[in-house]
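Below you'll find the structure, written out as structure tokens, and then a few comments.
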Amino acid sequence: MLDVKYVLANLDAVIEGLRFRNAKVDFDHLRALSEERREKCVRYDNLRFEQRKASDEMRKLDKAQAEALRAQLKGMSAELKEIDARRSEIDAELAQMMLYIPNIPDPEVPQAADESDNKEIRRWGTPKSFDFEPKSHDELGEAAKILDFERGTKVSGARFTFLMGAAVKMELALIQFMLDTHASRGYKMVMPPYIVNRDSMTGTGQLPKFEFDAYKTNDDMFLIPTAEVPVTNLHRDELLTPDQLPIKYCAYSACFRLEAGSYGKDTRGMIRQHQFDKVELVKFTTPETSEAEHQALVNDAEEILKRLELPYRVMLLSAGDMGFSARKCYDLEVWLPSQNMYREISSCSNFGDYQARRANIRYRTPDAKEKTAFVHTLNGSGLAVGRTLIAIMENYQEADGRIRVPEALRDYVKADYLV
RNA sequence: GGAGGAAUGGCCGAGUGGUCGAAGGCGCGUGACUCGAAAUCACGUAUACGGCUUGCCGUAUCAAGGGUUCGAAUCCCUUUUCCUCCUCCA
């Protein structure tokens with residue numbers, strides 16, 4: 001969330017910054033509320049001071065005088081209560097408005113409405129040329145009987161899939177491989193809860209605006225749409241020390257997304273599912289190091305694709321294509337031969353202090369004595385496991401339908417061919 | 001799910017209606033002593049917001065919210081979290 005004071009002091013700049021971010025906020029109302037709040041506060045302080053003074057004096061008075069004063073003080077007390085009630089009303093409304101304002105994009109982010117203005121940063125690897133028509137992962141998976149879409153639909157509904165046999169082996173191998181790789185590069189492994197409360201969802205920015213994108217339980221809890229939610233909220237309401245930073249976690253979890261509003265997109269295959277596995281990287285840093293840590297995080301996600309020898313490119317997202325809480329975001333897109341294009345496999349965001357404000361994650365600054373500041377939070381997929389499985393199936397397929405196992409996974413899968 | 005106990009400053013811990021933003025200790029800071037350090041002594045040590053004569057004044061904050069009262073850390077209600085015991089369970 002943005003700082004109320006900052007928003008009010010820099011209203012024009014904020015509005016300009018949010019131009020492509022679909023922020024429907026009544027800024028005039030915001031300003032009026034702020035004015036009213038200030039008036040109420042001043043009145044309250046003065047009144048309270050008087051009341052307190054009179055109240056002290058009352059003890060020295062005789063009975064009759066005290067009774068007269070008591071009546072007067074009662075009136076003051078009532079007004080104080082009234083002012084206080086209105087003030088908390090205003091505070092609640094201001095806080096609520098802040099929750100609906102997205103993060104302001106970093107100056108480097110292209111100011112544009114959608115993905116057509118995303119900026120390609122770099123490419124790695126060369127798409128393999130096949131001397132046959134490469135099949136899509138769903139064709140390959142169904143032929144080899146390792147992906148069962150039909151029964152997934154029967155048992156659960158559209159966008160649910162059974163992994164069978166070798167696909168399970170590969171999925172688990174990928175999870176293990178990703179966690180091992182990240183752990184060897186300084187990340188601590190985490191397995192988080194899959195169900196979180198409302199505060200956690202609000203802390204990372206999924207709520208209140210995107211409530212209908214998440215699965216909800218009947219006791220007002222939520223299935224996590226990403227491990228980012230529980231892992232970032234690990235340190236919610238905590239005061240960290242500078243020597244702890246940066247904190248780096250790699251987490252495996254299943255992810256659950258209702259995908260409201262994505263009807264018709266990627267209906268075939270395993271690209272877009274209601275439930276999928278993901279290994280997520282999460283960092284807590286100081287403001288000074290967050291940019292460098294963001295670049296490093298992207299590199300850490302790229303490392304997985306490199307070791308698996310999958311061609312990919314890195315995209316800097318435009319303002320309109322970024323997530324609600326992000327300040328700057330890079331997508332990694334992997335090459336899918338069947339689609340003849342790059343498809344998103346990782347999204348690496350810097351949130352600045354936006355999530356830290358919502359979740360109240362602070363640290364004690366080393367220089368300014370005893371002062372606290374909000375940390376910066378970052379995260380990125382490292383990687384989406386299901387999509388990685390797909391990418392391997394398509395990129396490593398051979399003419400006879402067999403699928404080779406990437407060198408980096410041989411120790412995990414213990415076979416040269418998946419099927 | 002049932003019964004009981006608890007929640008106070010960076011930490012520990014006192015405090016059952018006014019003189020309490022809160023004793024005492026630890027920690028931290030400054031100074032004295034010392035060649036230097038330790039020990040010792042002295043003083044200081046929360047955060048946020050508002051005002052102006054920028055040093056003071058004021059307000060809020062003792063888990064959160066509400067209530068009683070002229071006045072609440074203190075009394076009452078609700079909620080949350082933690083601990084102990086029982087129940088259940090992988």
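Numbers restart at 1 for each chain; the letters A, B, ... are given by sequence-line order, proteins then strands.
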Point to revise | B:G50 - base-pair partner by Watson-Crick or wobble geometry, distances under 3.5 Å | key: B:C57
Exercise for review: Measure from CG on A:Leu94 to C1' on B:A48 and round the result to the nearest Å.
Suggested key: 16 Å
Review point. If the sugar-phosphate is the primed atoms plus P, OP1 and OP2 and the base is the rest, what is the B/S/- string for nucleotides 66-81 of chain B, using protein heavy atoms under 4.0 Å?
Key: --S-BS----------
Check your understanding: Has the side chain of A:Asn395 got a donor or acceptor atom that lies under 3.5 Å from a matching backbone atom of A:Trp335?
Key -> yes
Point to revise | G-U wobble or Watson-Crick pairing nucleotide for B:A6 (cut-off 3.5 Å, both distances) | key: B:U81
Check your understanding: Whole-Å distance between B:A60 P and A:Arg87 CZ?
Key -> 9 Å
Study note, to complete from the structure: Applying the 3.5 Å cut-off to both distances, the Watson-Crick or G-U partner of B:G44 turns out to be B:C28
Review point. So, the side chain of A:Arg402 versus the backbone of A:Gln397: is there a donor-acceptor pair under 3.5 Å, distance only?
Key: no
Review point. For atom C1', what is the distance between B:A23 and B:U34, given to the nearest Å?
Key: 34 Å
Check your understanding: Is it true that the NZ or CZ of A:Arg387 lies under 6.0 Å from the centre of A:Phe276's six-membered ring and within 45 degrees of the ring axis?
Key -> no
**Study point:** C1' spacing across the pair B:C11 / B:G4, given as an integer number of angstrom
**Key:** 28 Å
Check your understanding: Does any nucleotide pair with B:U34 by Watson-Crick or G-U wobble geometry, both distances under 3.5 Å, and what is it?
Key -> none
Point to revise | Set of residues satisfying side chain to side chain donor-acceptor pair (under 3.5 Å) with respect to A:His294, sequence neighbours excluded | key: none
**Study point:** Interatomic distance at C1', B:G18 relative to B:C75, whole Å
**Key:** 15 Å
Check your understanding: When you compare B:G1 with B:U59, how far apart are their C1' atoms, in angstrom units rounded to a whole number?
Key -> 45 Å
Practice item. Return the set of residues passing side chain to side chain donor-acceptor pair (under 3.5 Å) with A:Glu39 (not counting sequence neighbours), or none when no residue passes. Key: none
Exercise for review: Quote, to the nearest angstrom, the C1' distance that separates B:G24 from B:G13.
Suggested key: 8 Å
Check your understanding: So what's B:G71 paired with, Watson-Crick or G-U wobble, going by both distances under 3.5 Å?
Key -> none
Check your understanding: Between A:Glu50 (CD) and B:U59 (P), how many Å, whole number?
Key -> 11 Å
Practice item. Could you measure between the two C1' atoms, the one in B:U8 and the one in B:C82, and give it in whole Å? Key: 15 Å
Exercise for review: Could you note down all residue pairs passing ring-ring contact (aromatic ring centres under 6.0 Å, His included) where residues 136-176 of chain A supplies at least one of them, sequence neighbours left out?
Suggested key: A:Phe160-A:His274
**Study point:** Step-by-step side chain to side chain donor-acceptor pair (under 3.5 Å) determination, A:Glu50 to A:Asn46
**Key:** CA-CA 6 Å; A:Glu50 280 176 45; A:Asn46 293 336; over 6 Å; no
Check your understanding: Given the P atoms of B:G10 and B:A6, what is the spacing between them in whole Å?
Key -> 24 Å
Review point. In whole Å, what is the span from the OH atom of A:Tyr44 to the P atom of B:G58?
Key: 16 Å
Tabulate atom names and distances for all N/O pairs under 3.5 angstrom spanning the protein and nucleotides 50-52 of chain B.
none

Review point. Judged by atom type as modelled, is there a donor-acceptor pair below 3.5 Å linking the side chain of A:Glu79 to the main-chain atoms of A:Met76?
Key: no
Exercise for review: For B:U30 and B:C83, measure between their P atoms and round to the nearest Å.
Suggested key: 39 Å
For residues 100-107 of chain A, tabulate all N or O donor-acceptor pairs below 3.5 Å that involve a side-chain atom, not counting sequence neighbours.
| unit_1 | atom_1 | unit_2 | atom_2 | d |
| --- | --- | --- | --- | --- |
| A:Asn103 | ND2 | A:Ser325 | O | 3.0 |
| A:Asn103 | ND2 | A:Phe351 | O | 3.1 |
| A:Asp106 | OD1 | A:Glu108 | N | 2.9 |

Point to revise | A:Thr232 side-chain N/O to A:Glu228 backbone N/O, donor-acceptor pair under 3.5 Å | key: yes
Point to revise | Watson-Crick or G-U wobble partner of B:A22, both distances under 3.5 Å | key: none
Point to revise | A:Arg52 side-chain N/O to B:C57 phosphate OP1/OP2 under 4.0 Å | key: no
